[in-house]
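We count ligands from 1, going down the list as the structure has it; atoms in each ligand are counted the same way. These numbers come from the heavy atoms of this one structure, side chains and all, not from hydrogens, waters or symmetry mates.
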Amino acid sequence: MIVESTSFKDFKLNKQLLEAITQAGYTNPTPIQIKAIPLISAGHDLMGIAQTGTGKTAAFILPLLMKVKYAQGLMPRALILAPTRELVLQLHQEVVKLSAFTDLRSLAVFGGIGPKSQIEAIERGVDLVIATPGRFLDLYLRGDLKVKALNTLVLDEADKMMDMGFMPQIRRILEVIPVKRQNLLFSATMPDEVLQLSQEFLEFPEIIEASPSATPAVTVTQYAYQLPNFKTKVNLLHHLLKDVETFCKVIVFVKTKKVADNIYKYLVRSTEGEIRVIHSNKGQNARMNSLSAFKNDEVRVLVSTDVGSRGIDVTMVSHVINFDVPLVYEDYVHRIGRTGRAENFGVAITFFNPAEVYHIAKIEQLTGQKIDKRTIPPEVVIESTSRDEQQLLDRAIDRQKQLDDPNYLGAFHRKSGKRTSKGISRQKRR
Ligand code: AMP
């Protein structure tokens with residue numbers, strides 16, 4: 001049985017690591033760290049169900065650093081795979097922070113930039129590699145990265161890696177690295193593909209959960225506004241952001257790049273403070289610049305699509321505003337995980353239109369938490385809905401009803417008059 005510790009000193013970490021923990025300002029281990037660190041240190045394979053904001057990164061990095069201990073040879077001994085460049089960089093930062101008092105050499109390996117500087121760093125010798133699967137495989141296949149000495153493999157955000165189609169690369173990597181190794185898998189949610197991967201990849205794993213799958217961090221206050229249309233959403237956003245003091249560091253999440261760009265342009269014209277936008281069409285440098293400016297409090301509002309939502313490690317975000325409801329319901333948890341991280345309190349506000357009522361209910365089902373619905377502040381102008389938008393909303397609502405009841409023919413079809421349903425005969429009689 002593992003005795004639960006409450007102090008970092010109980011983990012038998014060396015003094016270099018304890019010093020880095022103090023320097024990082026971590027006073028007490030978080031629940032996932034209390035569970036994971038002793039198990040990983042004891043050499044177990046482990047599956048951790050944990051969302052960002054729980055301290056899961058340090059939960060595996062600390063025992064990993066303890067294991068790798070000091071610089072040795074030229075070839076890496078630990079590999080951490082993560083789905084996005086942003087996450088790789090974020091993981092690397094945590095590794096750098098926690099290994100500050102050791103001589104360990106860590107390297108972030110990711111695509112989108114030329115491989116030259118990464119190859120040079122590998123040649124100088126590296127103990128820990130944090131990589132996206134694609135670039136890692138490229139460097140391996142070119143013969144630049146030797147895998148013979150690897151004895152620990154971590155898959156972080158495994159669910160996102162599956163979503164992003166990294167399975168073939170991961171399988172290929174598993175084929176080429178030494179069989180004798182410790183494996184760790186972390187995932188915010190546990191869909192079937194991740195469960196299957198864990199069965200293939202982990203040997204007699206210990207399973208730990210930071211909080212039940214897909215449960216938002218308890219430090220986040222969640223509420224929502226129902227708004228009739230896009231323009232009214234914009235008006236409410238504008239109204240909220242007028243309060244510069246309360247809404248001091250905000251991420252606005254939107255579903256598509258196009259809406260992200262439009263909202264960004266609108267906010268630049270209408271809202272106080274520096275505004276930036278990140279999505280997958282922005283170049284790597286632009287994304288990194290915006291993120292670090294946001295981190296350093298030089299940017300007040302960051303508009304982002306879901307692609308941006310995973311890799312963002314920014315504490316003290318005052319508010320997450322979901323301009324729309326994500327259709328991948330787990331993304332809701334990831335989006336609002338940007339606020340209320342670790343010990344900070346945060347607020348997540350969701351805007352939903354009549355066609356999104358359905359998705360809000362599904363999210364409440366998934367998280368097991370009710371989202372408080374608030375009335376629109378009286379200062380916000382309620383716009384009328386254009387015919388085009390109304391049609392889109394009606395169609396979406398129809399599709400949802402059909403999903404729930406395959407026999408439902410739909411109000412939209414009724415209006416078109418092409419179907420002979422009870423609905424249409426009733427309408428004709430009227
Ligand atoms: P993560 O869940 O790994 O994304 O971590 C979320 C945030 O919590 C990061 O900014 C970490 O630096 C921070 N953090 C990790 N462990 C602790 C701890 N024990 N105490 C306070 N903050 C922590």
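Distances shorter than 4.0 angstrom occur between a heavy atom of N28 and an atom of ligand 1.
Judged by distance alone, with hydrogens and angles left aside, the side-chain atoms of K249 form no donor-acceptor pair with the main-chain N or O of L302 at under 3.5 Å. Side-chain N or O atoms of E157 include none that pairs as donor or acceptor with a backbone N or O of P83 at under 3.5 Å.
Taking 4.0 Å as the cut-off between side-chain N and carboxylate O, K373 and E364 count as a salt-bridged pair.
Which parts of ligand 1 touch T54 is read off a 4.0 Å heavy-atom cut-off, strictly below it: atoms 2 (O). Residue K97 has at least one heavy-atom neighbour below 4.0 Å for each of these atoms of ligand 1: 12 (O). Counting atoms of ligand 1 from 1 in the listed order, those under 4.0 Å from a heavy atom of T57 are 1 (P), 3 (O), 4 (O). For ligand 1, the atoms lying closer than 4.0 Å to a non-hydrogen atom of F8 are 19 (N).
The aromatic rings of Y329 and H359 sit tilted relative to each other, their planes meeting at an angle between 30° and 60°.
Surrounding CD of E120 are more than 12 heavy atoms belonging to other residues, nucleotides or ligands, all under 6.0 Å away.
In this structure, the ring of F230 has its center no less than 6.0 angstrom from the ring center of F351.
The proximity of Q93 to ligand 1, defined as any non-hydrogen pair under 4.0 Å, does not occur for either the backbone or the side chain.
Looking at P29 next to ligand 1, no N or O pair under 3.5 Å apart turns up.
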